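Here the structure comes first, spelled out in structure tokens, and everything after it is commentary.
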Amino acid sequence: MAGILPPFTLETATKKTKIAQNLWNTKDPETIAKAYTSDSIWRNRDQFFTGTKAIVDFLSQKWSRENGYRLRKELFAFTDNKIAVQFWYEYFDEEGQWWRCYGLEDWTFAEDGRMKKRHMSGNDVKISDDERWFKDGVDVDTVEISGKHW
């Protein structure tokens with residue numbers, strides 16, 4: 001994510017959003033953490049933390065509980081060094097129950113293109129297997145975001 005630098009244009013903000021989406025879909029906490037400054041400030045729902053170790057720990061715990069994770073992010077708004085995205089992701093828990101999380105993220109970037117602040121708000125909704133959008137083999141970018149749990 002560091003290769004695209006602020007100030008953002010529509011084209012670069014859109015690219016940055018999709019790069020983040022693809023990076024998170026790797027589910028590799030160590031690689032993902034490199035896209036953030038060493039003192040990056042995070043709010044994820046009701047959790048607040050700072051720094052690379054905390055990011056890696058958070059993501060490792062997240063994906064130990066969220067199985068089958070698949071994510072889509074879309075650009076919502078941008079300005080000079082800030083981007084807001086809406087996102088949707090699906091996962092199943094230890095009991096096999098599928099969930100979809102809907103939310104918004106507010107990002108602020110350092111001059112080197114790494115993220116120095118990430119604030120996330122999201123809500124989880126139970127879904128059935130039939131209601132899933134991001135099934136295996138489906139390109140998350142081609143799914144129509146609509147329906148009962150939109």
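Numbering starts at 1 and runs along the sequence shown. Because the structure is predicted, anything quoted here is derived from the model rather than measured.
Counting only heavy atoms from C-beta outward, the side chains of Ile55 and Asp57 never approach each other to under 4.5 Å. In this structure, Cys101 and Glu66 have side chains that are not in contact, with every pair of non-hydrogen atoms separated by 4.5 Å or more. Counting heavy atoms from C-beta on, the side chains of Ile145 and Trp88 come closer than 4.5 Å. Looking at heavy atoms from C-beta onward, Leu75 lies out of side-chain contact with Lys18 at the 4.5 angstrom threshold.
The line from CG of Asp130 to CZ of Arg132 is 10.0 Å long, rounded to the nearest 0.5 Å. Of the inter-residue distances, the one linking Ser40 atom OG with Lys116 atom NZ reads 10.0 Å to the nearest 0.5 angstrom. Summarising the geometry, atom CZ belonging to Arg114 is positioned 6.5 Å from atom OG belonging to Ser38; distances are rounded to the nearest 0.5 Å. To the nearest 0.5 angstrom, Asp129 atom CG is 9.5 Å from Glu90 atom CD.
Looking at every heavy atom in both residues, Leu23 comes nearest to Thr31 through CD1-CG2, 3.8 Å. Nearest heavy-atom pair, Ala54 versus Phe49, reported as atom, atom and distance to 0.1 Å: CB-CD1, 3.6 Å. A pairwise comparison of heavy atoms in Glu74 and Thr17 identifies C-CG2, 3.8 Å as the closest pair. Across all non-hydrogen atoms, the minimal contact from Leu10 to Thr14 is O-OG1, 2.8 Å. The heavy-atom pair separating Thr52 from Ala33 by the smallest distance is CG2-CB, 4.0 Å. For the pair Thr79 and Phe8, the tightest heavy-atom approach, listed with the atom from each and the gap, is O-CD1, 3.7 Å.
There is no path of hydrophobic side-chain contacts, each under 4.5 Å, that joins Ile4 to Phe76. By the rule that hydrophobic residues join a cluster once side-chain heavy atoms approach within less than 4.5 Å of another member, Val125 and Val143 end up as members of one cluster. When hydrophobic clusters are built by joining Ile, Leu, Val, Met, Phe, Trp and Tyr residues whose side-chain heavy atoms come closer than 4.5 Å, directly or via intermediates, Ile41 is not grouped with Ile83. Hydrophobic clustering of Ile, Leu, Val, Met, Phe, Trp and Tyr side chains at less than 4.5 Å, counting indirect connections, keeps Val56 apart from Trp63.
Using a 4.0 Å cut-off between charged nitrogen and carboxylate oxygen, Glu94 and Arg65 do not count as a salt-bridge pair. Using a cutoff of 4.0 Å between basic side-chain nitrogens and carboxylate oxygens, Glu11 and Lys15 are scored as salt-bridged.
A distance-only check finds a donor-acceptor pair linking the side chain of Glu131 to the backbone of Ser128 [under 3.5 Å]. Proximity of a side-chain donor or acceptor of Asn67 to a complementary backbone N or O of Phe92 within less than 3.5 Å is detected. At distances below 3.5 Å, not a single donor-acceptor pair connects side-chain atoms of Asn81 with backbone N or O atoms of Pro6. In this structure, the side chain of Asn44 does not engage the main chain of Gln47 through any donor-acceptor pair within 3.5 Å. Using modelled atom types, one side-chain atom of Thr9 and one backbone atom of Thr12 make a donor-acceptor pair closer than 3.5 Å. For the pair Arg72 (side chain) and Val140 (backbone), a donor-acceptor distance under 3.5 Å is present. For Asp80 (side chain) and Pro7 (main-chain N/O), no donor-acceptor pair under 3.5 Å exists by modelled atom type. A donor-acceptor distance shorter than 3.5 angstrom exists from the side chain of Arg70 to the backbone of Val138, with no hydrogens or angles considered.
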Inset, instruction - Run the numbers on Asp124 and Arg45 for salt bridge (charged side-chain N to carboxylate O under 4.0 Å, His left out), then give the verdict. - result: CA-CA 11 Å; Asp124 294 307; Arg45 302 174 197 248; 3.0 Å; yes
Inset, instruction - Kindly indicate, with the supporting measurements, whether the criterion side-chain contact (heavy atoms from CB on, under 4.5 Å) is fulfilled by Leu104 and Met120. - result: CA-CA 6 Å; Leu104 297 170; Met120 179 276 224; over 6 Å; no
Inset, instruction - Show the numbers, then the answer: is there a side-chain contact (heavy atoms from CB on, under 4.5 Å) between Ile32 and Trp24? - result: CA-CA 7 Å; Ile32 294 166; Trp24 275 64; 3.7 Å; yes
Legend entry - Pair Trp42-Tyr36, ring pair (Phe, Tyr, Trp, His ring centres under 6.0 Å): steps then yes or no: CA-CA 10 Å; Trp42 280 38; Tyr36 300 87; 5.0 Å; yes
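A donor atom on one side chain and an acceptor atom on the other are not found under 3.5 Å apart for Thr142 and Asp139.
Cation-pi geometry between Arg100 and Trp133 is satisfied (NZ or CZ under 6.0 Å from the ring centre, within 45° of the ring normal).
More than 12 non-hydrogen atoms from other residues, nucleotides or ligands lie less than 6.0 angstrom from NZ of Lys135. Applying the 6.0 Å contact sphere to CG of Asn123 captures no more than 12 heavy atoms from other residues, nucleotides or ligands.
Relative ring orientation between Tyr89 and Tyr69 is described as tilted, the plane-to-plane angle lying within the 30° to 60° band.
Test Glu105, Gln21, Gln86 against Lys73 for side chain to side chain donor-acceptor pair (under 3.5 Å) and you get one pass: Glu105. The only member of Lys117, Lys82, His119 that meets side chain to side chain donor-acceptor pair (under 3.5 Å) when paired with Asp106 is Lys117.
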